[in-house]
Amino acid sequence: MDERTSGEQPEFRPYHHPAAGWGAARSVTEFLVRERELVDGPRAIMRMNHENGGFDCPGCAWPDDTKGLHLDICENGIKHVTWEMTRKRVGAEFFAAHTVAELSEWSDFELEDQGRLTEPLRYDPGIDRYVPISWPEAFALFGRAMAELDSPDQASFYTSGRLGNEATFLYQLMAREFGTNNLPDCSNMCHEASGRALQASLGTGKGTVDLKDWEMTDALFILGVNAASNAPRMLTSLAEAYRRGAQIVHINPLVEAAATRTIIPHDFARMATFKATRTSTLNVQPRIGGDMALVRGMAKAVFEEAEHDPKAVDAEFVDRHTTGFDDYRALCEATPWPEIERQSGVSRAVITAAARVYCEADRSIFSWCLGITQHEHGVDTVREIVNLLLLRGNLGREGAGPSPVRGHSNVQGNRTCGIDHRPDEAFLDRLAEVCGIEPPRAHGLDTIGTIEAMHRGEVKVFVGMGGNFALAAPDTPHTFAALRKCALTVQVSTKLNRSHLVHGEQALILPCLGRTEKDHQRGGLQSTSVEDSMSMVHLSRGMKRPASPHLLSEPAIIAGLAAAALPGSRTPWQRYVEDYDRIRDTMAQVLDGFEDFNRRVRLPLGFRIRQPARELIFHTPSGRAEFSTAELPDVVPADGVLALGTMRSHDQWNTTIYSDDDRYRGIKNLRTLIFMNAEDMRDRGIGEFDRVDITSTARDGSTRTLNRYQAIPYDIPRGCAAGYMPEMNVLCALGDYSTQSDQPIMKHVAVTVEPSA
Ligand SMILES: Nc1nc2c(c(=O)[nH]1)N[C@H]1C(S)=C(S)[C@@H](COP(=O)(O)OP(=O)(O)OC[C@H]3O[C@@H](n4cnc5c(=O)[nH]c(N)nc54)[C@H](O)[C@@H]3O)O[C@H]1N2
Ligand SMILES: Nc1nc2c(c(=O)[nH]1)N[C@H]1C(S)=C(S)[C@@H](COP(=O)(O)OP(=O)(O)OC[C@H]3O[C@@H](n4cnc5c(=O)[nH]c(N)nc54)[C@H](O)[C@@H]3O)O[C@H]1N2
Ligand SMILES: [Mo]
């Protein structure tokens, strides 16, 4: 696959400038020029994330500024929107000119760089090419393949977190009416651990805070997120917090750009004078996987503090709202400091300093992303974070609580609206009653389960509603082989990607409208709704002419597929598509918190889904917030082994690579790299840019190797290493998923590194 060499020499020069600011402005301009979008790009960008009448930035799930700030945009959001709005097109002539075998040799960058897909395509095995097919024929082909299945569970329906709420609802309805809960989604690889932990601790799968809380908090603890690249609008909140005198503690094996200084994107005065604001008051660098021990240590320090200051623990809150406190205190007391230091990789002095910040703050927020979740013990770690919050009553009041940073712009909405392979009974009951279907009750397959079932020949039809399943999932060759065993693969996409080339016996590419584009249906111009990381639901309306007249909206594609697969269905598929208000009316009856959906979603900022835990109502077995008491896992790698975390560069969006640069980490023209501690390099006789072979060993003892990567000495704890997804998925064994969350362990891969022969 991809060793995209631009021909230019790789460079590494540690980055000392503030995040965002002029570097970001220059990068955006270069990008707009390359995508030939100088005219429409800026106009569209001004319409992004606006209350009333704009479209939701498809970039990330960070909430929109509520103060009507009319330039709440960021470098990566702009790149992401521009990527969708490119003028380049990939149509029938292109596919006539290239066989799939030939395209398989192209890099992922080259594939997406062909531009927007323009018409539905079917794979023709006789000529190994994709050829045009009409929409009705495409739907009929799908219907025939579905009719041939022996059981509904032989189909699996993947969602990437872009899909709007209305399409999401139709998609899960189609799957369940057909008879399966096989609804894998990208959050199986992302925040499954957060959802399960918060559900167990607080009886809600989501965070409880919103942006106003961020504005009021005294202390922010940011764990395992590279905000400057992946949630850049968080920089604004960090800079504002710093200016107001709040404490900001970053917990990350790498000191990422957001943990230093920033010039926030719309702060023109500061852009002009190059004045940066600090975005950190303390940086703590645990070893990879060391967060749970670190948080346990902070809790232990809080208990120690409580010996001379009884107010360190909020006894009244603990008493009234929680259960399991005594066991948790006993566990913290029984966990010795040397073990905490060894497992976290952080000294007692530093852990105590972080705990002091926590004790001195009246209100604290803990925010985290993949650095916490993509581990074997991700659920336990999130629960440990909640334990620490509960100790000081940091829940159910302003400026305090848990705040996971979600990934895709609507990944949280997907789950809310029914994408869940383990749906709860109450939801299914309501779906049955309102929609007149008999949904299956058995749990379905998630992402890993789907790949395993394809291998066994048990899943034969795969539908990818967005995303790039082939590259996003772990164990690349193994996942490819699984997809190739399918009878039919269907990809609903905006651009050409690897998942189109790694296909089943039959294959369809169904091109859809992007979020920036006008969606005309019989009932007029349609909007769709999305939910951000902080549970705000609001409308998004495209304003650009569609990339091609042959595109359909995602709801229309789902309705077409559903009608073909469900002959005799009484669901009014076409009526739903004519006017999305009708979908919303049904959703209002099925989904908790969506009452009066059509009216409330049209309020200027939309509406916030009620969060019971925020109001100290806990849908847990005990009816209280529950402390957890898990043992600390052993995360210290064996001698000679490194714990490798796979992550994103600054210039990529998951499987979409914009360039081979990673500005904030000082990298140019290189993705096939591994960041290592300088002493770990010296021990192995490896110098900067030296070629190395990286070998992972899976739990089952099998090994996987990437050859001729280049080593970069980096400020990362000994025993830890980092490199880029999706390339490094080759090293992640399919079987190595968390026993707690079923999430692939993408941040803690055991590897050995040696100089290439
Ligand atoms: N521009 C852009 N924005 C994006 C995306 C994108 O690809 N590009 N992707 C979106 C998606 S789907 C998601 S889920 C999010 C992902 O957002 P992030 O979670 O920021 O994603 P990663 O790049 O995987 O970075 C993981 C971070 O965790 C740190 N880390 C690794 N291991 C550990 C650990 O053991 N402990 C701690 N404390 N930290 C650790 C890494 O150093 C890194 O800073 O971003 C979303 N936003
Ligand atoms: N090793 C490793 N692997 C990882 C991760 C990691 O940290 N490490 N992170 C994981 C995470 S958090 C995630 S979320 C997954 C990402 O997994 P996915 O969501 O499956 O992948 P993306 O790269 O976001 O998908 C990009 C494709 O989506 C399509 N697309 C874009 N916009 C639209 C649209 O509006 N509609 C439709 N229908 N299609 C559209 C385009 O064709 C584009 O090629 O990757 C996971 N994989
Ligand atoms: Mo994600």
Side-chain angles (χ1 to χ4, degrees), residues 62 191 193-202 204-227 231 234 237-238 241 246-252 256 258-259 279-284 286 290-302 313-314 317 322 328 344 346 351 353-373 375 377-406 533-535 611 613-614 625 627-628:
W62 189 254
H191 271 290
S194 305
R196 295 210 193 167
L198 292 169
Q199 191 68 45
S201 294
L202 304 176
T204 171
K206 304 174 189 176
T208 66
V209 311
D210 60 23
L211 265 194
K212 283 203 205 78
D213 295 313
W214 277 68
E215 286 160 17
M216 302 188 60
T217 192
D218 304 313
L220 284 163
F221 294 83
I222 313 287
L223 300 91
V225 48
N226 175 17
M234 187 200 284
S237 299
L238 296 181
Q247 298 292 307
I248 309 171
V249 180
H250 292 269
I251 297 173
N252 196 316
E256 301 281 27
T279 47
S280 169
T281 55
L282 178 65
N283 289 334
V284 180
D291 303 82
M292 185 171 167
L294 176 88
V295 175
R296 173 78 47 90
M298 286 177 70
K300 188 177 173 75
V302 171
V313 171
D314 186 341
F317 177 91
T322 73
Y328 182 61
S344 65
V346 182
I351 297 176
R356 202 168 310 121
V357 172
Y358 181 57
C359 285
E360 280 166 11
D362 182 30
R363 295 168 288 202
S364 295
I365 287 176
F366 277 68
S367 183
W368 68 90
C369 199
L370 303 182
I372 296 299
T373 59
H375 290 276
H377 53 283
V379 174
D380 284 345
T381 305
V382 174
R383 292 203 67 178
E384 196 72 25
I385 290 172
V386 176
N387 290 343
L388 184 56
L389 283 165
L390 294 176
L391 279 190
R392 291 184 43 77
N394 277 305
L395 192 78
R397 57 193 176 94
E398 284 177 328
S403 185
V405 182
R406 302 303 302 264
S533 266
M534 302 190 193
S535 304
Q611 272 294 42
R614 166 90 199 198
F627 279 97
S628 65

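- Using modelled atom types, one finds no donor on one side chain facing an acceptor on the other under 3.5 Å when comparing Thr208 with Gln611.
- Residues Cys369 and Asn226 fail the side-chain proximity criterion, which asks for heavy atoms closer than 4.5 Å.
- In this structure, Ile351 and Val346 have side chains that are in contact, with non-hydrogen atoms separated by less than 4.5 Å.
- Annotation: side chain of Ile251 is not in contact with side chain of Val295 (no heavy-atom distance under 4.5 Å).
- With a 4.5 Å cut-off on side-chain heavy atoms, Asn394 and Tyr358 count as touching.
- Counting heavy atoms from C-beta on, the side chains of Asp218 and Gln247 never come closer than 4.5 Å.
- Ser367 OG to Ile248 CD1: the interatomic distance, rounded to the nearest 0.5 Å, is 11.5 Å.
- Checking each of Leu223, Ile222, Val284 against His250 for a side chain to side chain contact (heavy atoms under 4.5 Å, CB included) leaves exactly one that passes, namely Ile222.
- Closest non-hydrogen pair, Arg397 versus Arg392, comes out as NH2-O, 3.5 Å.
- Looking at Val405 and Met234, their side chains come closer than 4.5 Å, going by heavy atoms from C-beta outward.
- At a threshold of 4.5 Å between non-hydrogen side-chain atoms, the residues Leu202 and Pro402 count as touching.
- The closest side-chain heavy-atom distance from Leu391 to Phe317 is not below 4.5 Å.
- Closest approach of Thr281 to Ala246, counting heavy atoms only: CG2-O, 4.1 Å.
- The CZ atom of Arg196 lies 12.5 Å from the CG atom of Asp380; values are rounded to the nearest 0.5 Å.
- Remark: Arg614 pairs with Asp213 by the salt bridge (Lys or Arg N to Asp or Glu O under 4.0 Å) rule, at least two apart or across chains.
- Side chain to side chain, Ser628 and Asn387 meet the donor-acceptor criterion of an N or O pair below 3.5 Å.
- Remark: Asp291 CG to Thr381 OG1 distance equals 6.5 Å, nearest 0.5 Å.
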